[in-house]
Amino acid sequence: MSVIIENLTKMYGLQKAVDNISFEVKTGEVVGFLGPNGAGKSTTMKIITCFMAPDAGDIRLGNLSIHSNADEIKRKIGYLPENNPLYGEMAIVEYLRFCAEIHGVDKKEIPQRIGSMIEKCGLDREKHKKIQELSKGYRQRVGLAQAMIHDPEILVLDEPTTGLDPNQIVEIRKLIKELGKEKTVILSSHILSEVEATCDRILIINRGRIVADGSSETLRHQAQGQEVLTVRIEHDNGNHVVKKLTALATVERAMPLDDKKEFYTVQSKPDSSSRKAIFDLCVENKWYLLEMTGTETRLEDVFRELTN
């Protein structure tokens with residue numbers, strides 16, 4: 001089931017927490033929601049889950065609108081809030097049974113659903129403990145289990161890997177990717193590498209507005225703008241090489257790379273690639289082209305550029 005956000009706006013006093021944003025998340029898509037603190041991520045998620053009403057705009061799940069079908073939408077969504085509120089005095093199995101009953105899961109199916117969630121979220125060794133006895137990482141797993149207990153079509157996960165150790169993060173990442181094959185998943189995170197490894201698409205929000213939308217590869221390419229290559233050429237005359245590289249029609253600038261012999265940085269003109277021209281130049285001059293690699297913009301650099 002797709003989630004369609006149309007002209008969404010939310011005010012806190014005079015401040016626009018969410019400023020007229022629109023986007024769509026399709027079935028089978030895992031979308032990462034990135035942004036600095038206070039950018040509007042959690043507010044948007046709360047509105048999607050009908051936890052909070054917008055001041056303007058609409059969100060539709062299929063033919064359902066948050067304004068007229070809130071109760072039905074809640075049944076189709078699994079939500080893990082940022083602060084992951086749990087009943088600490090309850091045992092894990094007891095709590096999951098309670099959540100399943102609240103969501104209206106058929107009583108005959110509840111034991112099977114609890115067993116499935118305990119297995120998927122890696123809770124088997126801890127399942128008889130009270131929630132207050134668990135580490136932060138295991139509490140986060142319980143939060144994920146309650147979000148999925150009723151087998152929702154849409155998952156909204158606010159910082160799902162908070163408090164998890166590296167091994168647990170890998171396990172949850174794998175789970176989210178599996179779920180994304182059949183469900184619509186929206187997740188937020190401050191860990192950029194985590195979003196890049198887990199999500200098919202990334203939305204970056206800043207001051208309530210969407211400032212970027214695309215795959216991590218697309219966002220890096222857009223930020224980089226011009227092709228920058230590092231080439232290693234075995235030759236007899238360094239200055240001669242720089243002059244000939246600079247003379248290529250697609251090259252804007254070429255220079256030696258620091259004090260490394262045989263290494264050069266080549267910047268192409270906008271919307272141009274110099275790879276083939278450099279290869280042909282080396283063949284023509286009987287130079288040995290030992291290496292040619294692109295310099296790639298990191299997602300962290302893209303994030304800083306868009307949110308500063």
Side-chain angles (χ1 to χ4, degrees), residues 21-26 29-36 39 41 173 177 180 187-207 209-308:
I21 66 172
S22 299
F23 62 91
E24 180 179 356
V25 184
K26 296 179 180 178
E29 193 172 33
V30 180
V31 170
F33 214 30
L34 289 177
K41 303 187 302 297
R173 178 195 299 170
K177 288 177 77 74
L187 67 90
S188 74
S189 177
H190 287 99
I191 306 172
L192 302 187
S193 59
E194 182 65 23
V195 171
E196 192 167 14
T198 308
C199 301
D200 307 308
R201 181 170 144 228
I202 297 170
L203 294 169
I204 300 179
I205 186 171
N206 189 43
R207 297 180 182 179
R209 293 187 175 184
I210 302 293
V211 294
D213 181 355
S215 67
S216 60
E217 183 180 351
T218 299
L219 296 184
R220 288 197 303 269
H221 179 72
Q222 290 173 348
Q224 188 164 297
Q226 292 173 259
E227 177 187 71
V228 180
L229 301 170
T230 298
V231 296
R232 183 185 178 192
I233 300 172
E234 189 176 290
H235 54 81
D236 296 324
N237 191 319
N239 292 331
H240 186 58
V241 172
V242 171
K243 184 182 290 188
K244 289 208 170 189
L245 285 170
T246 306
L248 293 173
T250 57
V251 171
E252 185 168 285
R253 184 173 56 174
M255 64 186 71
L257 182 60
D258 299 328
D259 295 325
K260 293 183 178 180
K261 294 180 179 180
E262 304 177 347
F263 284 87
Y264 302 88
T265 297
V266 180
Q267 182 174 336
S268 301
K269 292 178 180 178
D271 302 318
S272 297
S273 175
S274 302
R275 293 174 184 268
K276 185 177 184 300
I278 293 170
F279 180 83
D280 290 341
L281 180 67
C282 290
V283 172
E284 180 185 334
N285 287 274
K286 297 182 179 180
W287 297 335
Y288 292 102
L289 180 61
L290 304 178
E291 182 179 333
M292 180 160 55
T293 56
T295 302
E296 192 174 68
T297 302
R298 299 178 306 162
L299 187 58
E300 288 84 351
D301 298 327
V302 177
F303 181 84
R304 282 197 297 270
E305 180 182 336
L306 292 171
T307 58
N308 279 339

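The analysis underlying the following values was restricted to heavy atoms, covering all of them including side chains, and did not include hydrogens, waters or symmetry mates.
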dist Leu290:CG -> His235:NE2 (nearest 0.5 Å) comes out at 9.5 Å

Residues Val30 and Leu187: closest non-hydrogen pair is CG1-CD2, 4.0 Å

Kindly write out the residues that satisfy side chain to side chain contact (heavy atoms under 4.5 Å, CB included) with Glu29, not counting sequence neighbours, or none if the list is empty. Val25, Lys26, Val31, Asp200, Arg201

Inter-residue atom distance Ile204.CD1 - Phe33.CZ, 0.5 Å rounding: 11.0 Å

Minimal heavy-atom distance between Val242 and Ala254, with the atoms involved, is CG1-O, 3.6 Å

Contacts of Thr250 that satisfy side-chain hydrogen bond (donor to acceptor under 3.5 Å, both in side chains) - sequence neighbours left out: Ser274

Considering residues at least two apart in sequence or located in another chain, which fulfil the salt bridge (Lys or Arg N to Asp or Glu O under 4.0 Å) criterion with Arg253? none

Sorted by chain and number, sequence neighbours left out, salt bridge (Lys or Arg N to Asp or Glu O under 4.0 Å) with Arg207 holds for none

Please list, chain by chain and in numerical order, all residues satisfying salt bridge (Lys or Arg N to Asp or Glu O under 4.0 Å) with Asp280, sequence neighbours excluded. Lys276

Side chain Lys41, main chain Gly35, donor-acceptor under 3.5 Å: yes

Nearest-0.5 Å distance that lies between atom CD in Gln267 and atom OG1 in Thr246: 11.5 Å

What closest approach, in Å, do Ala197 and Lys177 show between heavy atoms, and which atom pair accounts for it? O-NZ, 3.4 Å

Report, as yes or no, whether the 6.0 Å neighbourhood of atom CZ on Arg209 holds more than 12 heavy atoms from other residues, nucleotides or ligands. no

From Leu229 CG over to Glu291 CD, what is the distance, rounded to the nearest 0.5 angstrom? 11.0 Å

Nearest 0.5 Å, please: how far is CG in Leu34 from SG in Cys199? 7.5 Å

Residues at least two apart in sequence or cross-chain that pass side chain to side chain contact (heavy atoms under 4.5 Å, CB included) with Thr265, listed by chain then number, are Val228, Met255, Leu257

For the atom pair CG (Leu203) and OG (Ser188), what is the distance rounded to the nearest 0.5 Å? 11.5 Å

Looking at residues at least two apart in the chain, or sitting in another chain, which of them share a side chain to side chain contact (heavy atoms under 4.5 Å, CB included) with Ser273? Glu227, Arg275

Which atom pair, heavy atoms only, marks the closest approach of Leu289 to Cys282? CB-SG, 4.0 Å

